[in-house]
Structure formats: C-alpha cells, structure tokens
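Step one of this worksheet: look at the structure below.
All heavy atoms count here, side chains included; hydrogens, waters and symmetry mates do not.
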Amino acid sequence: AQAYKNRGDIYTKLKEYQKAVADYTQAIKINPQYAEAYVGRADVYYFLDEYKKGIEDSNQAIKINPQYKEAYVERGWAYGGLKEYEKALADFNQAIKIDPQYAEAYVGRARVYYDLDEYQKEIEDANQAIKINPQYKEAYEERGWAYIELREYQKALEDFNQVIKLDPQYEEGYRGRGWSYKGLREFEKALEDFNQVIKIDPKNASVYRNRGDVYSDLREYEKALTDYNQAIKLDPQDARSFIDRGSLYSNLREYEKALADYNQAIKLDPKYADAFSNRGFVYLDLREYDKAIADHNQAIKINPKDGYSYSRFCALYRELKDYKKALELCNQGISIDSQNNSFGYLARGNIYLDLKDYQKALEDYNQAIKIYPHYFGAYNNIGLVKYEQGEISESQQNFEKALEIDPKYPEAQLALAVILYQQGDTKKALELAKSALKADPELANIEYLKKEELWGEKIIADTQKLLAELKLQDK
C-alpha cells in the first residue's frame, strides 16, 4: 500500500492527477485504514475541483485518526472551494489547535480570509506561517496576494521575489510578480513574467487572463481578446475570464457580447458580485435603468461588506442625476473601506464636480491618488476642475501626469490638446486631438463630453474651437 501511496505523491507533484487518484485508490484497497492515502487523494480531488469527494476522503481520514491535522487542512481547503467559509475556518482552527506550529494550517486559513476580503487577517496568518517556517514559499505567496488587494504593490513585489528565490520553477511566483508589476504599471516586466508562467505551464488558464488584462491596460485590445479567448478555452468554468472579456467588450461598446459574457459568468457563479455590477453598467449604457439598479442591488446583497460595490452603485445614481442617493452610497462605500477604496473617492469626487463643489471634488480626487498613486483618472479629473477654475497651468500639469501614467489615455490627450491649442501650439494640439479621436471617436461628441466625461463649460467652449479647426484641416 505504501508503494502505491508514494507513487501517487509523485504523480500529484507532476500534476498527473488521474494516475495519482488510481494509485491512492489502490493503496486504500490494500489497506482501508490508510489515512494518509485518503488525504493524498483528497488533495488531488481539490486540484480537480471535486471538492465533495475531497471532503468524503478527509472525513474518512479523520474517522481513522481524529488527531490527524493534515486531514482537517485538506477538508478546510475543500470547504473553501465550495465557499463554505465558516466550515473551512473551523477546520483550519482545529488543525492549529492540534498543532500550533503547523504552518500549512495558517496558510490555509489565510486563503479563507482572502476569499472573505479580510486582508489584514490574511497577512497576520501568513506572517505566522513565515515565522514558523521562513522557507515556506506559499506563505510569502499568500501575503503577496493580500498586498496586491491592498494596492501595496511594492510589498507584494518583494514577497513574490522571495517566492521565486525559494523556487525558480514555481509558476505562481511569476504570476504574482507579474500582477505586482501590473499594479505598478510596469507593463513590460509584467508581460515578461506572465510569458514565463506560460513557458513553465502552457495550460495555465489564469495567466492568459492576467496577460489579457495587461494588454487591455495597454489598450492593445486584439491581443487582450486573444488571451481571454485562450483562457476560456483552457478553463471554460472560470467565471473571472468571462467577466474580464465582458469588460473588454463593454469598453469597445459591444454591449450584446458583454452581456453574453456577464450572463455566462453569473451562470457559472451566481454569487459573483462583480458580474452583477459589471452587467449593471452595461444596462446603464443601454438606458435599461431598472435592470441596472437590480444588478447593483444584487451585487451588494451578495457582498454587503464590499465598499467597492457601494461605490459602483453610487456611480450609477450619479449618471441618473440622483445626487442625494449617489452621495449616500458613496459615503457608505467609503465608510466600509476608507483606506483602500480609491474608486469610492473618485466616484464621490465626480458627484461634487457635477455639483460644481470644486473644493470637495479636489479633496476626494487627491485622496484617491493618495491611496493609489497611479490613478490617472483622478489626475485627469483634477485637470478638469483646475480648467474650470482658470488655473490652466495646474490643469495642464495634471493632464500631463495622467498621460505619463497612461500615454494612450484618449480623454487626457484631447484635454491637453485643447490647452496646447489655446497656447498657440496648433500643430501639436491637432496631432494629440487626432490621436484621441482615433482611439475614441465618441470624444468628438460635445454632449458625450458633458454627460459621460464630466467636462465643464469652459473646457467645452475651448474644445469646440479645436474641433472646428480639425474640421477645417480635414477639408
């Protein structure tokens, strides 16, 4: 029995999961009391997403040996896979009770805290695991993902560098580091790391999705779409890939395709709040307001402790010009997560900009930047405020900062072109304006700029002059 179990362990490491299951099953057939074989098979079932089978095997191992800490950990991971987080926490807690120095149990519990958006607790458990075993790469990995969620990308980068140092062939180390570089907007380095993951494991669906996200940030939409398609081909059960592809279609204003992807994501995971809030924004663009509100309500119902969901709902009511309701939702979202909800401050700043309360708008935009220094949209909106206040030099500096972060940002390109045109640099202004309008032809629509892009009266008036010049040039 031991020989089959040992060979099963090897097949598990090689990711030959069906062979591993066969060997563990044979070991159990020879020795039905072999608890380690049940736990080994439970581990494989986790990787195969067969969580209920994993729970059954863990139960059997615990029945054989109630003090078997590894069995509680395996069952905890399986319960986490089923999103039964309270049961998962109970199992990891039991493993820690049996052995307070069991680093794997702390990492398992950290992963549950990640799924529950309790990132500080996740970091605390990862720290404890590292204290117990400084060579435990998964502990650094877990802490790195928490830092990414908290937008502490430099700290995340340090952790994933440590993961790679401990195991240069561990693909998740490169994937995490690539995501850290993405957060720092070091896109070429991010692409290098994601490419390295694909080299190590060409069937890793998640990394194609991650690389697609980078291409989307770079506005290389065809490459992004190719990667999302590949991610879905490799793992058609991953709701996140459908959400990300849906976001791409939404950005391209291909709303029917976006809706199809969000619908599929919801079908795969009816408790995925982002799928509902994303679909809500598509319905908003399609002027199907009742459906939009219903989807955002559902997102909050699924995750009432997610400040981001409230902030996105706030943005919807701002579009509907129900500023009182919008402010209530933004304030609620910020109160839930005032330290990390940069979008919440941006969304509330947009309301104040609509209301021409420029001082409050600036305060919120600056707070968004304080949380996330690479927030080009916040710099852009500060530029809009400063333009309306007649502070053209500061306005220009903020549009330039937005373009420093995202050189292909069409709205900032057009806004800067307006300033350059007013300064008499017609050639450069027209070049920038053409680039902006090529990327997003909708920017030539003055009503769109007023409603969707928050442009005020002064910059609108000057934009009309620039657009008139463009028409003359085209003739």
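In this structure, the side chains of E442 and R253 come closer than 4.5 Å at one or more pairs of heavy atoms. Contact check for L470 versus K465: no side-chain heavy atoms found under the 4.5 Å cut-off. Put simply, the side chain of F187 reaches to within 4.5 Å of the side chain of R185, judged on heavy atoms.
With S247 contributing its side chain and I243 its backbone, the two residues share a donor-acceptor pair below 3.5 Å. The closest donor-acceptor contact from the side chain of T463 to the backbone of I459 lies under 3.5 Å. In this structure a side-chain-to-backbone donor-acceptor pair under 3.5 Å is present from N366 to L362. The closest donor-acceptor contact from the side chain of Y106 to the backbone of F92 lies at 3.5 Å or more, if one exists at all. Of the possible polar contacts, one joining the N229 side chain to the L225 backbone as a donor-acceptor pair under 3.5 Å is found. Here the side chain of S338 pairs no donor or acceptor atom with the backbone of S335 at under 3.5 angstrom. With Y365 contributing its side chain and G349 its backbone, the two residues share a donor-acceptor pair below 3.5 Å. Looking only at distances, a side-chain donor or acceptor of Q413 sits under 3.5 Å from a matching main-chain atom of P407. Side chain of S311 to backbone of G307: a donor-acceptor contact under 3.5 angstrom is found. In this structure, N263 contributes its side chain and L259 its backbone to a donor-acceptor pair below 3.5 Å.
Distance check: N350 CG to F343 CZ gives 7.5 Å after rounding to the nearest 0.5 Å. R211 CZ to W179 CH2: the interatomic distance, rounded to the nearest 0.5 Å, is 13.5 Å. The distance from the CG atom of L346 to the CD1 atom of I351 is 10.5 Å, given to the nearest 0.5 Å. Distance check: K325 NZ to L316 CG gives 11.0 Å after rounding to the nearest 0.5 Å. We find the CG-CG distance between L467 and L443 to be 9.5 Å, quoted to the nearest 0.5 Å. Remark: N445 CG to K450 NZ distance equals 10.0 Å, nearest 0.5 Å.
Among residues at least two apart or in separate chains, disulfide bond (SG atoms under 2.5 Å apart) pairs with a member in residues 245-330 are C314-C330. Judged as a side chain to side chain donor-acceptor pair (under 3.5 Å), the pairs with a partner in residues 300-310 (not counting sequence neighbours) are, in order, D117-N303, D306-S309.
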Checklist entry - Yes or no on ring-ring contact (aromatic ring centres under 6.0 Å, His included) for Y375 and Y379, after CA distance, side-chain angles and deciding distance? => result CA-CA 7 Å; Y375 210 155; Y379 283 106; 8.9 Å; no

Checklist entry - Can D354 and Y323 be said to form a side chain to side chain donor-acceptor pair (under 3.5 Å), step by step? => result CA-CA 9 Å; D354 276 350; Y323 296 120; 3.3 Å; yes

Checklist entry - Passes ring-ring contact (aromatic ring centres under 6.0 Å, His included), W145 versus Y140? Steps please. => result CA-CA 9 Å; W145 287 115; Y140 293 99; over 10 Å; no

Checklist entry - Between Y113 and Y119, is a ring-ring contact (aromatic ring centres under 6.0 Å, His included) present by the stated rule, with each step listed? => result CA-CA 6 Å; Y113 286 135; Y119 305 119; over 10 Å; no

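Between R175 and E172, at least one side-chain nitrogen of the basic residue sits less than 4.0 Å from a carboxylate oxygen of the acidic one, meeting the salt-bridge criterion. Salt-bridge check for R219 with D406: passed, with a basic side-chain N closer than 4.0 Å to an acidic carboxylate O. Ion pairing between D269 and K83 holds under the 4.0 Å rule for side-chain N and carboxylate O. Between K189 and E192, none of the side-chain N atoms (NZ, or NE/NH1/NH2) sits under 4.0 Å from a carboxylate O, so this pair counts as no salt bridge. At a threshold of 4.0 Å, the pair D227-R245 does not count as salt-bridged, since none of the basic side-chain nitrogens sits closer than that to a carboxylate oxygen. Using a 4.0 Å cut-off between charged nitrogen and carboxylate oxygen, E171 and K15 count as a salt-bridge pair. With salt bridges taken as basic N to acidic carboxylate O contacts below 4.0 Å, one links D217 and K182. Salt-bridge check for R240 with D274: passed, with a basic side-chain N closer than 4.0 Å to an acidic carboxylate O.
The distance between the ring centers of Y215 and Y221 does not fall below 6.0 angstrom. Between H296 and F281, the distance separating the two ring centers is shorter than 6.0 angstrom.
Because its NZ or CZ atom is both nearer than 6.0 Å to the ring centre of Y114 and within 45° of the ring axis, R111 counts as a cation-pi partner of that residue. Judged by the 6.0 Å distance and 45° axis criteria, K137 is positioned over the aromatic ring of Y170.
Of all heavy-atom pairs spanning A402 and Y409, the tightest one is CB-CD2, 4.3 Å. When all heavy atoms are compared, the tightest approach of A224 to G212 is CB-O, 3.4 Å. A368 and A378 make their closest contact through CB-CB, 4.3 Å (heavy atoms, listed as atom of the first residue, atom of the second, distance).
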Could you give the side-chain donor-acceptor pairs of residues 422-431 under 3.5 Å, partners two or more places apart or in another chain?
| residue | atom | partner | partner atom | Å |
| --- | --- | --- | --- | --- |
| Q423 | NE2 | Q396 | OE1 | 2.8 |
| D425 | OD1 | K428 | N | 3.4 |

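Between the side chains of Q473 and E469, at least one donor-acceptor pair of N or O atoms lies under 3.5 Å. At a cut-off of 3.5 Å, with distance as the only test, no side-chain donor of S216 or D213 sits close to an acceptor on the other residue. Judged by distance alone, the side chains of S342 and R151 do bring a donor and an acceptor atom under 3.5 Å apart. Side-chain N/O atoms of Y358 and E388 include no donor and acceptor closer than 3.5 Å.
Y136 pairs by the ring-ring contact (aromatic ring centres under 6.0 Å, His included) definition with nothing, not counting sequence neighbours. In terms of the side-chain hydrogen bond (donor to acceptor under 3.5 Å, both in side chains) criterion, K458 has no residue partners (sequence neighbours excluded). Shown here are the ring-ring contact (aromatic ring centres under 6.0 Å, His included) partners of Y249, two or more places apart in sequence or in another chain: there are none.
Other residues, nucleotides and ligands contribute over 12 non-hydrogen atoms within 6.0 Å of the NZ atom of K408. Environment of NZ in K451: crowded, with over 12 heavy atoms of neighbouring residues, nucleotides or ligands closer than 6.0 Å.
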